[in-house]
Each structure stands twice: as C-alpha cells, then as structure tokens.
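In what follows, a structure is listed as structure tokens, so that the remarks can point back to it.
Since we're looking at a predicted model, the values are computed, not measured. In what follows, chains are A, B, ... by sequence order, proteins preceding strands, each numbered from 1.
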Amino acid sequence: MRKGGLPIIILMLLLAASLAVYLIWQMKSPTPEESLITVTGALGRTVNITLPINRVIIAGKGSWPIVSAAYMFPSAKNLLYGLSEGTDVPLLKMVDPDIESKIVPTMGGTPNVEEMAAENPDVVILKTTLKSDVGDPLEELGFKVIYVDLEDLNSYMRDIMVLGKIFGDEAKAETMVKYYNETYNFVLERTSTLTERPKVLLLCYSTKGGKVSFQAPGAGWLQTFMIEAGGGYPLSKELIGTGWNTISYEQIAQWNPDIIFLVTYSDEPSANDVKDMLLQDPDWGSINAVMNEKVYAVPHDCNNIGALGSWDATGSRWILGLEWMAKKIHPYIFSDINIAEKAKSFYIEMYGLRDGNTAAVVDGIKGDLQ
Amino acid sequence: MRQSARFLVLAAVFGAIFIGSLFVGRYSRADELGTTIILKRRLPRILSAAMLGIALSISGTVLQSAFKNPLVGPEILGVSQGAAFGAAFVILFLPRDPITMEALSTVFGLLALLASYAISSTIRYGGRILRLVLAGLAISAMFSGGVGIMKYLADPYKQLPELTFWLLGGLSGVTWKDFLYMTPLALVGITLLLIARWRVNLLTLEDDIVVSLGTDPGKLRALVVTSAVVATAAVTSVAGIIGWVGLTVPHMTRKIFGAESSDVIPASALLGATLVVVSDDMARTVSASEIPLGIITSLLGATLFIFMLSRRGINE
C-alpha cells in the first residue's frame with residue numbers, strides 16, 4: 001500500500017460510519033408527515049399513538065357494541081381488520097361489504113395475545129374487562145391498547161369521542177354525540193315530569209338447559225335506564241344482581257307489570273313467537289300487560305343471533321330503542337314520533353347507508369316496530 | 001330417643017316444611033292466580049327439590065358405604081362430571097329435549113363410573129378402594145376437561161350462556177313436565193337402593209367376610225352403585241350440578257341415626273329432601289331474582305357439615 005493511504009481509508013470509514021448513523025437516526029425519527037395523537041380511554045389512561053393508524057383490531061368478549069359504534073365512522077371499513085365472530089351482520093355488511101373477510105375466529109372470548117400480536121395492529125380496542133388478560137400482555141409487547149365501555153349514556157358519549165380520535169374523524173364523533181344527547185334530552189323533556197309511570201318489565205326469554213326461564217336486566221343496566229328515561233317505572237330496579245337475573249313466573253305475577261318488553265336474542269323462538277305464546281297462555285292472562293295486550297317484541301335489525309341487532313342492547317341503536325320504548329309506554333305523548341322514519345334517518349346519517357339499503361334494513365326489522 | 005321416634009320427628013319436620021313451602025313465595029296475594037301459582041309452579045318445584053335431595057343423599061350414603069370412604073360422593077367417582085358432560089353434549093350437538101338430556105346424562109354418568117372401575121384395575125398403588133377413588137378423581141378431571149372444551153367450542157351467543165346456566169344448577173323454571181321426566185328413572189334408582197338397604201352394611205366389611213355370609217360383594221356393589229348413578233344422573237339432567245348434598249347429608253344422618261344402613265338410607269332421604277327443599281325455598285324467595293340453588297346448598301351444606309362434625313354425635 002502506498003504511504004499515506006491509511007489516513008484516507010480511516011477518513012472514508014469515519015465518513016461511512018457517520019452516514020450510517022445519520023440514516024439510522026433518520027429512520028427512527030418521525031418523518032415530517034408523522035405525528036402523535038393522545039387518546040384517553042375508559043380507564044383514564046393517556047396513550048400516545050403514532051399516526052397514521054392503518055390497522056385496528058376490536059376483539060374479545062363483548063366487543064360487538066364497539067364494532068357497531070365503530071362502523072358509524074366511514075374510515076372504519078378501511079382500518080378495521082380483526083373482528084370477532086358474529087359481527088358480520090347484514091347491517092354492517094351494507095356498511096362494509098368486506099366485513100366477512102375481517103372476521104378472525106380467535107378474536108372472540110379471551111383472544112390469544114400472540115395471535116393478535118402476529119396481526120401487527122397499530123391500535124387494539126378492548127372492553128375494560130379484558131385489561132389484565134389481554135390488554136396488559138399486549139402492552140408489554142409494545143402494542144397500543146385503548147379501553148372503552150359503551151355501557152351507559154355517559155360512557156357512550158365519552159367512548160364515541162375516543163373512537164372518533166382513533167378513526168380520525170372527531171367531527172363525526174361530535175355529530176354522533178350531539179344526536180344521542182339531543183334524542184335523549186328530547187325524550188326526557190316529555191317524561192321527566194310525569195307522575196304516572198306504568199310498571200315496565202323487560203324480559204329475556206330463554207330455554208336454557210331445556211327449561212323455560214325469564215331473565216331481567218340488573219338495576220344498573222342500560223335497559224333499566226332506558227325504561228326510566230322513557231317514562232316507565234323499571235321493575236328491574238328492584239333486582240340486586242348485576243347482569244341478567246333469572247326471574248320466576250311468581251315474581252312476575254307479584255310485580256304484575258303494566259307493560260312487558262320481550263327479547264330473545266334468537267330466532268328460535270323470536271320475541272314475537274314468545275309474545276304470541278304469552279298472550280295465549282291462560283297462566284299469564286291475569287297479568288296486566290297480557291290482559292291489556294301491552295306485550296311488545298323489542299325491534300332488532302340484524303339476523304337475531306346475539307344482541308348485536310337488538311334495540312335494547314348496548315349496540316349503536318339503543319337510542320332508537322329509547323324512543324321506541326318511550327312511545328310504547330306513553331303512546332299519546334309521543335304520537336308525533338314515527339319510529340320507522342327515525343330509524344331511516346339514523347341509518348342514513350349515522351351509518352351513511354343509501355336509500356335502497358336503508359329501506360332494506362327498515363323493512364327487515366323484526367319485532368313490534370310500530 | 002328411639003330410632004322410630006327420630007324418624008317420626010324427621011318425617012314431621014319434612015312434612016311441615018313441604019307444606020309450609022307451598023305457601024312461601026314471591027307472590028303473596030290469596031287470589032285465583034295465587035292458587036294457580038301454588039298448584040302449577042310451587043308444587044312441581046318443591047316435589048322436584050325433594051326428589052333431588054332424596055336422590056343425591058341416598059346416592060352419597062350408599063357410595064360412601066360401597067367404597068368404604070367417607071369422602072366419596074357422586075362427584076368423586078366422576079358421575080356428576082360425566083352427567084354434566086352428557087348434558088353439555090346435548091346442548092351443543094343435539095336437539096335439547098329433556099329426554100335426550102336425561103338419557104345422555106345417565107349414559108355418560110355410567111360411562112364415567114365404568115371408566116373409573118376399569119382404570120382402577122390398572123393402578124399399581126394402594127388398596128382396591130383407594131385405587132377406585134384415585135381413578136374416579138382422574139376420570140372426573142377428564143370429564144371436567146371435556147366440559148371445558150365444550151365451553152370453549154360453544155357459540156358464545158347461544159350455547160355458552162345455556163351451558164353456563166345449566167352448570168350453575170338450579171330448579172328455576174321447573175314445571176310438572178320436568179318433574180315427570182326426571183321422576184321415573186330417579187325412582188327406579190331410589191327404590192332399588194331402599195330395597196337393598198339391609199345389605200348395604202355388608203359392603204363396609206371385608207369382601208371375604210361378605211362372601212362367607214353368602215353374598216356376592218361384587219354383584220351387590222355393582223347393583224347399589226349403578227342404582228345410585230341412575231338416580232343421580234336423572235336428577236342432574238334437570239337440576240344441573242348441585243354440590244355438597246351428597247356429601248353432607250350422609251354424615252349428618254349417621255350422626256343422628258348411627259351407622260346401620262337400613263336406618264341411615266331412608267333417614268338420609270328425608271334429611272336430604274328437607275335440606276334441598278329449604279335451600280330451594282331460599283333460592284326462590286330471598287330476592288326478586290333467583291339465586292342459583294348450588295350456591296345455597298354449598299353454603300348451607302358446608303356450614304351444617306362443620307357444625308355436625310365439631311360436636312358430639314347424638315348417637316355417640
């Protein structure tokens with residue numbers, strides 16, 4: 001080697017090393033287009049998420065209310081790709097024709113953390129109940145996890161704003177919150193001063209374990225809140241258990257409800273089938289609601305497997321259910337309300353359905369819509 | 001107090017509780033509907049509770065004698081878990097009618113018992129009874145795992161809630177039809193055990209002594225154990241798994257009536273029926289919503305168990 005060549009080689013190596021460090025630094029630093037959003041979920045934790053968000057998973061037990069709320073954001077159909085079984089219902093298929101391909105069977109129940117990680121999501125949205133089993137392990141692996149509840153009016157409003165941030169559409173979130181608040185206040189304005197409140201019982205009929213049983217929602221559940229806001233006295237307020245409470249016929253007879261709302265979350269039998277059965281059963285004939293034929297099947301707008309399409313449950317249409325209940329409890333006070341028209345405008349404004357699809361959904365609604 | 005007097009007192013207590021239960025419930029008005037409720041809702045339910053108590057208690061009593069082990073009950077030999085597996089299988093894969101449920105529960109309960117017998121002969125540890133109990137524990141765990149797999153496979157919207165509800169156990173919603181479905185098979189098992197009650201004592205002796213007394217211990221054991229399984233599976237198919245009755249009641253009965261099986265078996269039937277009827281009364285009346293019966297029998301049974309074992313026996 002020629003004398004003096006070594007310093008040049010060393011200089012070139014130093015230059016190459018500097019260039020490499022610069023390039024690595026460039027790769028790790030946010031590009032000018034990248035930025036962060038800060039999201040505070042249901043548990044009050046603040047999570048920083050790097051934009052852009054391209055892949056969102058909504059998984060785990062009880063994730064269907066989140067899915068039904070998420071699809072009200074137009075961007076959801078491009079961002080969601082990991083959904084649990086049972087969420088590909090007709091209404092959501094109209095919003096996202098590819099929803100079936102986004103179903104991952106292992107995303108139900110308590111999803112496998114490693115499988116979720118393998119999907120490489122930018123954000124995972126979970127119910128708060130899944131924090132320790134799913135959320136914490138995911139965060140240990142470096143994934144961003146946001147928790148939501150969607151269990152009552154306040155958490156619904158808060159969580160819609162959270163979803164708005166994740167799906168990059170806070171304006172739509174505000175529109176939705178405004179719609180839910182205005183509808184709720186509209187009902188409340190007419191019912192809050194009522195002194196006569198009929199006794200109302202929402203019953204879920206089931207043939208679990210081969211035996212007929214009736215269950216009623218707990219005092220803290222959305223259905224109880226809806227009945228009270230709708231101007232009724234919810235008999236389920238007297239229940240001590242959380243969740244669904246098994247109620248004997250004897251207890252129902254003792255309560256003697258003036259109005260019964262029925263759900264089955266199934267087509268075998270449907271709520272309408274059960275209604276017909278009760279109206280013809282002589283044992284039920286002396287109960288006020290049956291005697292006065294004030295037994296109503298709660299509307300649902302999906303294939304009736306699970307509660308996703310039912311208007312009493314925590315899916316997005318509970319707000320329609322609130323108006324429907326109010327009208328059934330106080331038909332004269334709400335005589336100016338056309339529930340089918342309300343539903344049409346809801347599907348158009350909230351889910352962005354076109355007229356043809358909207359008509360198909362409304363025409364397909366089961367239960368006592370009118 | 002003489003045995004006959006004890007029987008009379010126990011029968012009177014049961015009779016009073018049975019009749020009293022008819023007039024205790026959430027519906028308190030004495031009108032036409034009240035009468036309908038007593039005849040169509042409370043009566044079949046109280047009768048079912050009594051049948052449940054009788055079947056579980058008698059089964060527990062004879063199984064403890066047959067296996068010379070005070071810790072044995074239908075659940076120890078895998079019978080309850082086997083029956084639960086059968087019911088879960090029906091909920092998941094077959095039309096859910098009560099007869100199919102009862103049949104499959106009984107078949108799997110018996111299969112669990114047979115499997116326990118078969119496996120016990122392959123265990124190279126301990127005496128015959130210990131081997132059987134160990135095999136029963138293993139079979140119970142296997143069927144329990146099977147039920148777990150069923151829960152995993154179950155559709156979370158329809159089948160899983162049904163399965164969970166059934167596994168919790170209870171008599172909520174029981175009608176005359178349910179009572180009539182469970183009764184024939186349960187009565188066959190109970191009647192056979194009552195007929196064999198004079199001989200059940202023999203099973204607590206060594207087998208060669210039993211042979212010398214002119215009885216085949218193998219056949220006798222097979223008869224009483226099969227009868228116990230049939231009775232247990234029949235009531236389990238309707239009520240689900242109800243814990244502690246089959247373990248607690250035999251011990252309580254022996255404390256009061258001594259160890260003579262001809263006394264203990266009918267007495268445990270009365271005591272078991274009383275305990276389950278009282279428990280079910282609490283399940284259906286304490287609050288507006290039903291409390292799962294299994295929770296109350298566990299609480300009440302375990303409390304009585306501790307109380308009885310911590311004081312001197314009446315017959316000591």
* To the nearest 0.5 Å, how far apart are CD in B:E290 and CD in A:Q215? -> 10.5 Å
* Enter the distance from B:S172:OG to A:F214:CZ here, rounded to the nearest 0.5 Å. => 10.5 Å
* Asked: Do the side chains of A:T246 and B:S289 get nearer than 4.5 Å, heavy atoms only?
  -> no
* Is B:R29 close to A:N256 at the side-chain level, that is, under 4.5 Å between some pair of heavy atoms? -> yes
* Asked: Is there a donor-acceptor pair closer than 3.5 Å between any side-chain N or O of A:Q251 and the backbone N or O of B:R26?
  -> no
* To do: Might you confirm whether atom NZ of A:K199 has over 12 heavy atoms from other residues, nucleotides or ligands at distances under 6.0 Å?
  => yes
* Nearest atoms (heavy-atom pairs only) where B:T36 meets A:D283 -> CG2-OD1, 3.8 Å
* Structure fact -> Here the pair of heavy atoms bringing B:A288 nearest to A:I247 is O-CD1, 3.8 Å
* **Gap between atom OG of A:S286 and atom CD1 of B:I37 - 0.5 Å precision** => 7.5 Å
* With only heavy atoms counted, which part of B:K177 is less than 4.5 Å from chain A, the side chain, the backbone, both or neither? -> neither
* Asked: At what distance, to the nearest 0.5 angstrom, does OH of B:Y27 lie from CD of A:E250?
  -> 9.5 Å
* **Max heavy-atom pair count under 4.5 Å with chain A, selected residue of B:T175, B:T285, B:I291, B:L33** => B:L33
* Residue pair A:Q254 / B:S28, side-chain heavy-atom distance below 4.5 Å -> yes
